Amino acid sequence: MKETDALTQAITAAATEPPRRYVITGGPSTGKDDLIEAIREAGIPVMEEEPGRAIYRRHRDRLGRHLRKEDRREYSLEVLAAFIEEFETHTSGIRFYNRGIPDGYGWEGFFGLPPAPELEAATARCRYDTVFVLDPLDKFEDPDDIVWAKERELRRVHELIVQGYYNAGYEPVFVSPGRPADRLDFICANLRLPKPARDERLRPSWISWSPRTRFSRTR
């Protein structure tokens, strides 16, 4: 049996089983978009569009500027509602998520806000099976990433997101920089899923390594 058939068979077999939810996360410019696209191309169910981006652009267009601290609570609650809906509508089988509910801890923390009660309640109620954190790259993925153009801010957002998952009771799996195909192979191996079969490898790596930061499980 070909590898691609084995992967399809595994996904099909899981389709009638209880939901298995896997988060792909990390700070800005971690290669998340490319990995999500690789997951989609492999035929694995995935949340393709991160709802926070579209909501951010809508708020930005309404305000005529990037969001400030005083704008963040309304924005964050709208993003949270979108993630809860995405979580609750997935009732069986395998699904990857483009960020997860505990990402909110990182973003609120970056702007000096305490976690909203709604975020705390949703984090306790909506639990993911595995969280994969992508180690940072040194390229920007999205025009809005320019908001985090300073290296120290990129790193700080990343650190706070990861710490948020630890504080929420998760043990994230860190995915080293590399080609999207290689990262997906690592994730499949971690989940004991067959690796996608490919006719050829993706383009040569444009990714440079960056040191991993250690995090503690503290509130």
Side-chain angles (χ1 to χ4, degrees), residues 1-12 14 20-53 93-100 102-103 106 128-162 165 170-215:
M1 179 176 293
K2 295 180 180 180
E3 284 184 299
T4 186
D5 293 335
L7 177 59
T8 300
Q9 186 178 42
I11 293 170
T12 301
R20 289 151 62 182
R21 301 180 174 95
Y22 308 124
V23 172
I24 304 294
T25 192
S29 302
T30 53
K32 187 167 56 63
D33 289 351
D34 289 337
L35 177 57
I36 292 294
E37 177 63 16
I39 294 171
R40 185 193 66 78
E41 290 181 350
I44 304 172
V46 62
M47 171 185 174
E48 296 181 35
E49 182 66 23
E50 177 193 334
R53 284 184 173 176
I94 293 169
R95 187 168 182 78
F96 280 85
Y97 289 76
N98 191 337
R99 299 198 180 280
D103 273 68
Y128 303 96
D129 293 279
T130 306
V131 174
F132 293 96
V133 173
L134 306 185
D135 282 339
L137 314 176
D138 54 5
K139 80 179 191 74
F140 294 115
E141 294 185 278
D142 183 88
D144 287 330
D145 283 347
I146 199 65
V147 178
W148 320 107
K150 296 179 181 178
E151 183 178 353
R152 65 180 180 274
E153 292 184 346
L154 287 168
R155 172 56 64 179
R156 182 60 177 158
V157 172
H158 184 78
E159 291 173 355
L160 288 169
I161 288 172
V162 176
Y165 277 93
Y170 291 95
E171 292 282 350
V173 177
F174 290 88
V175 183
S176 298
R179 296 179 299 185
D182 294 334
R183 285 176 143 185
L184 179 53
D185 286 351
F186 170 83
I187 288 170
C188 286
N190 185 276
L191 298 175
R192 298 185 178 180
L193 288 172
K195 296 179 183 179
R198 303 179 184 91
D199 293 333
E200 59 182 3
R201 305 301 288 179
L202 297 184
R203 65 186 182 280
S205 177
W206 37 256
I207 296 167
S208 64
W209 292 84
S210 69
R212 182 174 301 168
T213 303
R214 300 289 181 180
F215 301 91

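Everything numeric in this text was worked out from a predicted model, so none of it was measured. Numbers here are sequence positions counted from 1.
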Of all heavy-atom pairs linking D135 and S176, the shortest is OD2-CA, 3.8 Å

Can you tell me if R21 uses its side chain to pair, donor with acceptor, with the backbone of G93 under 3.5 Å? no

Work out which heavy atom in D129 is nearest to a heavy atom in R20; give both atom names and the distance. OD2-CA, 3.2 Å

Closest non-hydrogen atom pair, I161 against G27: CD1-CA, 4.0 Å

How long is the straight-line distance from CD1 of I11 back to CZ of R95, given to the nearest 0.5 Å? 12.0 Å

Do the non-hydrogen side-chain atoms of N98 and E49 ever get within less than 4.5 Å of each other? no

From I44 CD1 over to L193 CG, what is the distance, rounded to the nearest 0.5 angstrom? 6.5 Å

Closest heavy-atom contact between V133 and G26? CG1-CA, 4.5 Å

Taking all atoms of both residues into account, what is the closest heavy-atom pair of L184 and A38, and its distance? CD2-O, 3.7 Å

As an exercise, state the distance from CZ of R99 to CD1 of I36, rounded to the nearest 0.5 Å. 10.0 Å

Is there a salt bridge (Lys or Arg N to Asp or Glu O under 4.0 Å) between E153 and R156? Walk through the geometry before answering. CA-CA 5 Å; E153 292 184 346; R156 182 60 177 158; over 6 Å; no

Can you tell me how far apart CG (D33) and CD1 (I24) are? Round to the nearest 0.5 Å. 12.0 Å

Could you give the distance from OH (Y97) to OG1 (T130), rounded to the nearest 0.5 Å? 12.5 Å

If you compare all heavy atoms of L7 against all heavy atoms of P194, which two are closest, and at what distance to 0.1 Å? CD1-O, 3.4 Å

In the structure I gave you, are the side-chain heavy atoms of D185 and P196 within less than 4.5 Å of one another anywhere? yes

Compare all side-chain heavy atoms of L35 with those of I187 and state whether any distance is below 4.5 angstrom. yes

Aromatic plane relationship, Y170 with Y128 - under 30° parallel, 30 to 60° tilted, over 60° perpendicular: tilted

Between F132 and Y22, how do the two ring planes meet: parallel, tilted or perpendicular, split at 30° and 60°? perpendicular

If you round to the nearest 0.5 Å, how far is CG of L134 from CZ of R183? 4.5 Å

